[in-house]
Asker: 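Please find one structure pasted underneath; my questions will follow.
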Amino acid sequence: MQALFDEFPVILGAFWLTIRLTLASGLVALVLGTILAGMRVSPLPILRGIGTTYVNVLRNTPLTLVIVFCGLGLGLVLDVSFSESLSTNYLWLSIIGLSAYTAAFVCEAIRAGINTVPVGQAEAARAIGLTFGQNLRLIVLPQAFRAVIAPLGSILIALTKNTTIAAAIGVGEASLTMKTLFEAHGDAVIQIFAGFALGFLILTLPTGLLFGWLAKRLAVVR
């Protein structure tokens, strides 16, 4: 137990990095996933095809491969750089990988929400002269988001846990820090593991409760 108290600042910093990874990746994934959902219900076949291909490829690719591709493929081979600091650069490359992967699941959740909107509302919008984009933005998406708050919460919780994969390219989030502490405090493995498990529980449990409450509070009444 003493090891947890001694290393508390390090553990706190690791979880703060996990939170930053989750929030940044979640925001980008939400924007990209919404765009993909719009493409998947677009009247243009080419947009539907691009959206469908993206979702099918990313959903069926292991996240570890996506993260390693971003770290090695983008970072080393293509020399994509966001900062002179190597750690900061790999942080942003991890955000790209997590966002790209999570966006595929966000897209499918939002598309499911779009399918809950009565067809008559979309037809009425077209009848009064709204374009596809206006119809989607003003009529369909507001209702779709309210219908899929709970699934989006589940995706955010999964993203929080998926940030541990960023350790594959050396990002010092919670799981990598836990591994380092295991090596430094071999006699306190169980206590360290329990402490990190509790940390992830503190991050994910309130998120699930919050999104569950929002889903009930903002549910669309048909």
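We number each residue from 1, following the sequence as shown. Note that the structure is a prediction, hence the values are computed from the model and not measured.
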Asker: Distance from Arg111 atom CZ to Leu36 atom CG, nearest 0.5 Å?
Answerer: 11.0 Å
Asker: Would a hydrophobic clustering, with Ile, Leu, Val, Met, Phe, Trp and Tyr connected at side-chain separations under 4.5 Å, put Leu27 with Ile35?
Answerer: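 No, Leu27 and Ile35 fall in different hydrophobic clusters.
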Asker: Is there a donor-acceptor pair under 3.5 Å between the side chain of Asn60 and the backbone N or O of Asn56?
Answerer: yes
Asker: Check for me, please, whether Leu44 and Leu141 land in the same ILVMFWY cluster - side-chain distances under 4.5 Å, paths through other members count.
Answerer: yes
Asker: Flag yes if Val28 and Leu98 sit in one hydrophobic cluster, no otherwise; membership is Ile, Leu, Val, Met, Phe, Trp, Tyr, and two members link when side-chain heavy atoms are under 4.5 Å apart.
Answerer: no
Asker: Let me check something: do Ile155 and Leu218 share a hydrophobic cluster, defined by ILVMFWY side-chain heavy atoms less than 4.5 Å apart, either directly or through other members?
Answerer: yes
Asker: What side chain to side chain donor-acceptor pair (under 3.5 Å) pairs are there with at least one residue in residues 32-41, not counting sequence neighbours?
Answerer: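 Output for this query lists Arg40-Thr52, Arg40-Glu108.
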Asker: State, to 0.1 Å, how close Val66 and Gly97 come at their nearest heavy-atom pair, and which atoms those are.
Answerer: CG1-O, 3.6 Å
Asker: Can you find a heavy atom in the side chain of Leu63 that is under 4.5 Å from one in the side chain of Leu65?
Answerer: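 No, their side chains stay 4.5 Å or more apart.
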Asker: Would the number of heavy atoms belonging to other residues, nucleotides or ligands and lying under 6.0 Å from CD1 of Ile46 be above 12?
Answerer: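 Result for CD1/Ile46: open.
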Asker: Does the side chain of Leu203 come within less than 4.5 Å of Thr207's, by heavy atoms?
Answerer: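 In short, these two side chains do not touch, never coming nearer than 4.5 Å.
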Asker: In Å and rounded to the nearest 0.5 Å, what is the OG to CZ distance from Ser154 to Phe211?
Answerer: 9.5 Å
Asker: What's the separation between atom CG in Leu159 and atom OG1 in Thr102, rounded to the nearest 0.5 Å?
Answerer: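 Going from the CG atom of Leu159 to the OG1 atom of Thr102 covers 4.5 Å.
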Asker: What pair of heavy atoms forms the shortest contact from Leu32 to Tyr54, and how long is it?
Answerer: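 Answer, listing the atom of Leu32 first, then Tyr54: CD2-OH, 3.6 Å.
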Asker: Which atom names give the shortest non-hydrogen contact between Leu21 and Ser94, and what distance separates them?
Answerer: CD2-CB, 4.1 Å
Asker: Test of understanding: clusters of I, L, V, M, F, W, Y form through side-chain heavy atoms closer than 4.5 Å, transitively. Do Phe200 and Leu209 belong to the same one?
Answerer: no
Asker: Taking Ser42's backbone N and O only, do any of them form a donor-acceptor pair with Arg48's side chain (distance below 3.5 Å, no angle check)?
Answerer: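 Here the side-chain-to-backbone pair exists.
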Asker: How would you list, by chain and number, every residue that makes a ring pair (Phe, Tyr, Trp, His ring centres under 6.0 Å) with Phe105, sequence neighbours excluded?
Answerer: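 Once residues adjacent in sequence are excluded, the partners of Phe105 under the ring pair (Phe, Tyr, Trp, His ring centres under 6.0 Å) criterion are Tyr101.
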Asker: At their closest point, which heavy atom of Ala144 faces which heavy atom of Ile110, and how far apart are they?
Answerer: CB-O, 4.2 Å
Asker: Short question: side chain of Thr116, backbone of Gly113 - any donor-acceptor pair under 3.5 Å?
Answerer: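 Checked: pair present.
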Asker: Report the distance from atom OG1 of Thr204 to atom CD1 of Ile157, rounding to the nearest 0.5 Å.
Answerer: 6.0 Å
Asker: Distance from Gln134 atom CD to Ile139 atom CD1, nearest 0.5 Å?
Answerer: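 One gets 10.0 Å once the value is rounded to the nearest 0.5 Å.
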Asker: If you measure from OG1 on Thr18 to CG on Asn162, what distance do you get to the nearest 0.5 Å?
Answerer: 12.0 Å
Asker: Where do Ser99 and Ala24 come nearest, in terms of heavy atoms and distance?
Answerer: OG-O, 4.4 Å
Asker: Looking at every heavy atom in both Ala104 and Leu58, which two are closest together, and how far apart are they?
Answerer: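 Closest approach of Ala104 to Leu58, heavy atoms only: CB-CB, 3.9 Å.
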Asker: Evaluate Ile202 against Phe15 for side chain to side chain contact (heavy atoms under 4.5 Å, CB included), listing each step before the verdict.
Answerer: CA-CA 11 Å; Ile202 291 173; Phe15 274 106; over 6 Å; no
Asker: Would you say the side chain of Val41 lies within less than 4.5 Å of the side chain of Phe132, judging by non-hydrogen atoms?
Answerer: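 Answer yes - side chains close enough.
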